[in-house]
Peer 1: 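If you scroll down you'll find the structure; I have some questions about it.
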Amino acid sequence: MPPIVTRFAPSPTGYLHIGGARTALFNWLYARGHGGQFLLRIEDTDRERSSPEATDAILQGLKWLGLDWDGDVVSQFDRRHRHAEVAHQMLARGNAYKCFCTQAEIEAFRESARAEGRSTLFQSPWRDADPATHPDLPYVIRLKAPRLGETVIEDAVQGRVVFRNDQLDDMVCLRSDATPTYMLAVVVDDHDMGVTHVIRGDDHLNNAARQTQIFHAMDWPVPVWAHIPLIHGEDGKKLSKRHGAVGLHEYAAMGYPAAALRNYLARLGWSHGDDEFFNDEQARQWFDLAGIGRAPARLDFKKLANLSGLHIAAMEDATLLSALEVYLAATDAPALTAPDRDRLSQALYCLKDRSKTFPELLEKARFLLVARPVVPDAAAEKSLDTVSRGILKKLTMRLQNASWERETLEGAVAEIAAGTGLGLGKIAGPIRAALAGRTVTPSVFDMMLVLGQAETLARLEDASL
RNA sequence: GGCCCGUUCGUCUAUCGGUUAGGACACCAGGUUUUCAACCUGGGAAGAGGGGUUCGACUCCCCUACGGGCUGCCA
């Protein structure tokens, strides 16, 4: 079995799409799980719509998602001479021909064909013309596609797909300005790059037939095809801007860990039995083409959030901390100061189990990121009435000389609670308000321990006045 | 219009001719609990429709409906 080579080949017309990200992930998982290579090629032959900014955005997106590629990024445009060379080879082999029809002529033909309900497949009169009759005019090079028989795609996901050759016309391979078309460029590049498995969106399924004809024309081995269904929005329609987040960077900005997105995206359209929550190691081990479904999947943010929470909880503190810093940078938020970073890292143990996203974690970490005086929000303010202020005052005194350990603190608070005839639940509210200025926080004891005795007492006293 | 692909709980999916059609997320009820999160118990929830093939179809075939893709000298 030859080594596996996959590739991701986006066209640089914008940011990295969530669907593209999944395609890249599948290619990456397949290559990495089989000891193969994962290559990256930018399909920038359309100069009008390509931009270096878009290429950069795509690269950044892949890096954020944690998908590393092998070798240099290939620019399809840079290979245009090679593409033209192959077009001429096909010409020499008699598998292609020069066509002198103008675009206007073809356009007119298609229009009338459509109007009359006839097939719009264009059959060039130059297909079998004697080169001696060739005019001195611009021409394109068309593939001399077989007219009889059928072209068969053996797709690892879709199964056997058969196209009748009389349904496929002689596609243009080299334009009249000598630049290659996408159809030719893909085949030449995939061949030259040694790509063994083409895993891409099923919007390319029909193209696979045309590309197969080019592979045949050059006598090149046809790669294994795997056309995966597209991702749809929550309403089941094709994903578009109106669905909200379609750019990968938007997911980064919403504060989902890349590991969670990898897990979620992998499960969208692919499955390994009942496994839902897994890490990269497992994904690489389990991923295979046979596990890919044929129906389009919808984005489900609830499930993403659930997985996100599980991944945050499972992260090592150091990993989590640096992911948080990446998140902060991505959202243009101020970076953590060294002391904040320290405190945060000490508190992660009581934060990561209760947060589904980074902003949620940061909100719960607020108690240690703000300085006195702690200003309570409206909800927290409500729990600071006269009675509770009195309780806080008592608690402050009670904790004055307490040893700063969990058991002591729990005991002291329980004692105060008992003394007032209230449950712990009732006095936890005011303590939260005093220490964090919020109603949603980690355990009050965890906050006290993280904050330390002096700061805790100061905050309790502030709130009791 | 032509060609191609798809269709199991609300959502992601398991099932590869024989299951009370399983799991997860979400939802509802209850429990635990210092809030949130997490956790525990229970619950409702699915094979698009119609024909075949077969002793037996979610599973194989055909038709219809619905969704999607392609039909460019775009990628």
Peer 1: Which is true for A/T441 with a 4.0 Å heavy-atom rule: it touches a base, it touches only sugar-phosphate, or it touches nothing?
Peer 2: base
Peer 1: Would you mind pulling out the nucleotide paired to B/C25, Watson-Crick or G-U wobble, both distances under 3.5 Å?
Peer 2: B/G10
Peer 1: Please confirm whether any donor atom in the side chain of A/K303 sits under 3.5 Å from an acceptor in the base of B/A24, or the reverse.
Peer 2: yes
Peer 1: When you measure from the side-chain N and O atoms of A/R110 to the phosphate of B/G72, is any distance below 4.0 Å, counting only OP1 and OP2?
Peer 2: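 Result: yes.
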Peer 1: Applying side chain to side chain donor-acceptor pair (under 3.5 Å), can you list everything that pairs with A/K303, at least two apart in sequence or on another chain?
Peer 2: A/E276
Peer 1: Can you list, in residue-number order, the parts of residues 45-57 of chain A that come under 4.0 Å of RNA chain B, counting heavy atoms only?
Peer 2: A/T45, A/D46, A/R49
Peer 1: Less than 3.5 Å between a donor and an acceptor, one on the side chain of A/T439 and one on the base of B/U35, is that the case here?
Peer 2: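 No, the side chain and the base share no sub-3.5 Å donor-acceptor pair.
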Peer 1: Expressed in whole Å, how much space separates the P atoms belonging to B/U13 and B/G31?
Peer 2: 36 Å
Peer 1: Suppose you measure atom P in B/G50 against the same atom in B/C5; what distance do you get, rounded to whole Å?
Peer 2: 24 Å
Peer 1: Which word best sums up how the rings of A/F287 and A/F26 line up, parallel for under 30°, tilted for 30 to 60°, or perpendicular for over 60°?
Peer 2: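 Geometry flag for A/F26 against A/F287: tilted rings.
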Peer 1: Would you indicate what A/P10 reaches in the nucleic acid, counting non-hydrogen atoms under 4.0 angstrom: base, sugar-phosphate, or nothing?
Peer 2: nothing
Peer 1: Strictly below 4.0 Å: does A/R294 bring a side-chain N or O up to OP1 or OP2 of B/G6?
Peer 2: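 Affirmative; the distance criterion is met.
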Peer 1: Check if the side chain of A/D202 and the base of B/G69 share a donor-acceptor pair of N or O atoms closer than 3.5 Å.
Peer 2: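 No, no donor-acceptor pair under 3.5 Å.
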Peer 1: For nucleotides B/C58 and B/A48, find the distance between their C1' atoms and express it as a whole number of Å.
Peer 2: 12 Å
Peer 1: Taking atom C1' in both B/C16 and B/U59, compute the distance separating them and give it to the nearest angstrom.
Peer 2: 7 Å
Peer 1: NA contact type, A/C350, heavy-atom cut-off 4.0 Å: base, sugar-phosphate, or nothing?
Peer 2: nothing
Peer 1: Hey, does A/S176 reach any base, or is it just sugar-phosphate, or nothing, if we go heavy atoms under 4.0 Å?
Peer 2: base
